[in-house]
Amino acid sequence: MATPSLLLLLADGRFPAGAHAHSGGLEAAVAAGRVTDLASLEAFLAGRLATAGLVGAAFAAAAHRAAVPAESAARSGALAWLDAELDARTAAPALRAVSRRQGRALLRAGRAIWSDAPFADLPATPGGAHQPLVLGLLCAAAGLSRVETATIAAYGTLTGAASAGVRLLGLDPYQVQALLVGLADACDGTAADAARAADDPPERLPAAAAPLADIHAEIHATWEVRLFAS
């Protein structure tokens with residue numbers, strides 16, 4: 001049984017998995033003039049939650065489901081299927097690379113803390129497994145529930161970009177936190193929807209897309225100078 005402290009620890013942006021180095025696509029959106037103030041940041045975050053947040057949370061919850069309980073062979077097959085389905089939902093090569101890079105960073109932390117978790121069952125794909133799959137196994141090892149796992153995933157899609165908004169736009173951090181409080185119910189609702197969706201087979205998991213975010217990610221990857229990795 002996990003403690004509330006473990007939930008807070010894994011949702012904390014200071015957990016050593018590299019999340020602080022990513023803006024969730026906000027840096028490119030700011031450069032394109034599409035996010036300029038608090039109101040447009042709120043719209044950006046709401047859109048991100050409804051797309052990347054829902055998809056990532058559903059796949060994290062599905063990976064959690066595959067881990068508890070499951071034999072190694074069944075778990076390995078389920079995780080490989082999830083990885084392929086999430087790859088298909090991530091249209092931009094830059095975003096696929098980011099997801100796998102973040103997965104590797106999270107995996108390093110997970111192995112150091114929960115060394116007996118079944119991380120060896122993750123697919124041996126080039127670049128490593130997608131971050132939501134690693135998160136699902138890590139949360140299962142920590143004793144968190146499927147809903148808690150989805151909540152961490154959904155919450156992470158908001159907080160990284162919100163923090164980047166303070167740095168990129170010079171916004172009042174108190175107002176940005178108030179904005180996050182206003183999105184809390186939507187975040188919880190997204191997590192609940194994602195946790196329920198995890199009962200479906202991988203090909204029926206959410207596939208919400210954000211084509212403009214994909215375009216921004218590809219443009220951002222070409223920049224020689226940037227503040228964030230993505």
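Just so we're clear, the structure is a prediction, and the values are computed from it rather than from any experiment. Side-chain atoms are counted along with the backbone in the values below, which use heavy atoms only and exclude waters and symmetry mates.
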Identify, with sequence neighbours excluded, every residue that meets salt bridge (Lys or Arg N to Asp or Glu O under 4.0 Å) alongside [X].
| X | answer |
| --- | --- |
| D12 | R14 |
| R146 | D199 |
| R89 | E85 |

Under 4.5 Å between side-chain heavy atoms, chaining through other members, with only Ile, Leu, Val, Met, Phe, Trp and Tyr counted: pull out the rest of the cluster around [X], sorted by chain and number.
| X | result |
| --- | --- |
| L212 | none |
| V147 | none |
| L180 | L26, V30, V35, L38, L41, F44, L45, L49, L158, V166, L168, L169, L171, V176, L179, L183, L227, F228 |
| Y174 | none |

Could you tell me the separation between the CD1 atom of I219 and the CG atom of D214, rounded to the nearest 0.5 Å?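 Those atoms lie 11.0 Å apart.
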
Nearest-0.5 Å distance that lies between atom CZ in R101 and atom NE2 in H22: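 The CZ atom of R101 sits 6.0 Å away from the NE2 atom of H22.
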
Kindly give the heavy-atom pair with the smallest separation between [X] and [Y], and that separation in Å.
| X | Y | result |
| --- | --- | --- |
| P206 | A197 | CD-CB, 3.9 Å |
| A60 | T149 | O-CG2, 3.8 Å |
| A154 | T157 | O-OG1, 2.6 Å |
| A50 | A208 | O-CB, 3.6 Å |
| W114 | L138 | CZ3-CD2, 3.6 Å |
| G53 | T190 | C-CG2, 4.2 Å |

Hydrophobic cluster membership, [X] vs [Y], 4.5 Å side-chain cutoff:
| X | Y | answer |
| --- | --- | --- |
| L54 | Y155 | no |
| L107 | L9 | yes |
| V68 | L79 | no |

Report yes if the side chains of P93 and E218 come closer than 4.5 Å at any heavy-atom pair, otherwise no.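 Yes, close enough: below the 4.5 Å cut-off.
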
With side chains defined as the heavy atoms from C-beta onward, is the minimum distance between V55 and L205 less than 4.5 Å?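 V55 does not reach L205 side chain to side chain.
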
Where at least one partner belongs to residues 188-221, residue pairs that pass ring pair (Phe, Tyr, Trp, His ring centres under 6.0 Å), sequence neighbours excluded: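 Non-adjacent pairs meeting ring pair (Phe, Tyr, Trp, His ring centres under 6.0 Å): H220-W223.
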
Quick one: does any side-chain atom of [X] pair with a main-chain N or O of [Y] as donor and acceptor, under 3.5 Å?
| X | Y | result |
| --- | --- | --- |
| S40 | D37 | yes |
| S230 | V98 | no |
| S163 | G160 | no |
| S115 | R111 | no |

Pairwise side-chain hydrogen bond (donor to acceptor under 3.5 Å, both in side chains) hits with a residue in residues 48-69, at least two apart: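 Every candidate side-chain hydrogen bond (donor to acceptor under 3.5 Å, both in side chains) pair involving residues 48-69 fails, so no pair, neighbours aside, qualifies.
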
side-chain hydrogen bond (donor to acceptor under 3.5 Å, both in side chains) contacts in which one or both residues fall within residues 67-78, not counting sequence neighbours: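 Residue pairs passing side-chain hydrogen bond (donor to acceptor under 3.5 Å, both in side chains), neighbours aside: S72-D121, R75-D121.
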
Tell me whether R226 at atom CZ has more than 12 heavy atoms from other residues, nucleotides or ligands lying less than 6.0 Å away.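 Yes.
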
Filter on salt bridge (Lys or Arg N to Asp or Glu O under 4.0 Å), then keep only pairs touching residues 184-195, sequence neighbours left out; what's left?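 Of all non-adjacent pairs touching residues 184-195, those that pass salt bridge (Lys or Arg N to Asp or Glu O under 4.0 Å) are D193-R196.
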
Side-chain polar contacts of residues 126-137 - donor-acceptor pairs under 3.5 angstrom, sequence neighbours left out - could you list them?
from, atom 1, to, atom 2, distance (Å)
H130, ND1, S99, OG, 2.8
H130, NE2, D87, OD1, 3.0
H130, NE2, R100, NH2, 3.2

Using the rule given for side-chain contact (heavy atoms from CB on, under 4.5 Å), can you reason through W81 versus L86, listing the C-alpha separation, both sets of side-chain angles and the distance that settles it, and then say yes or no? CA-CA 9 Å; W81 191 1; L86 185 51; over 6 Å; no

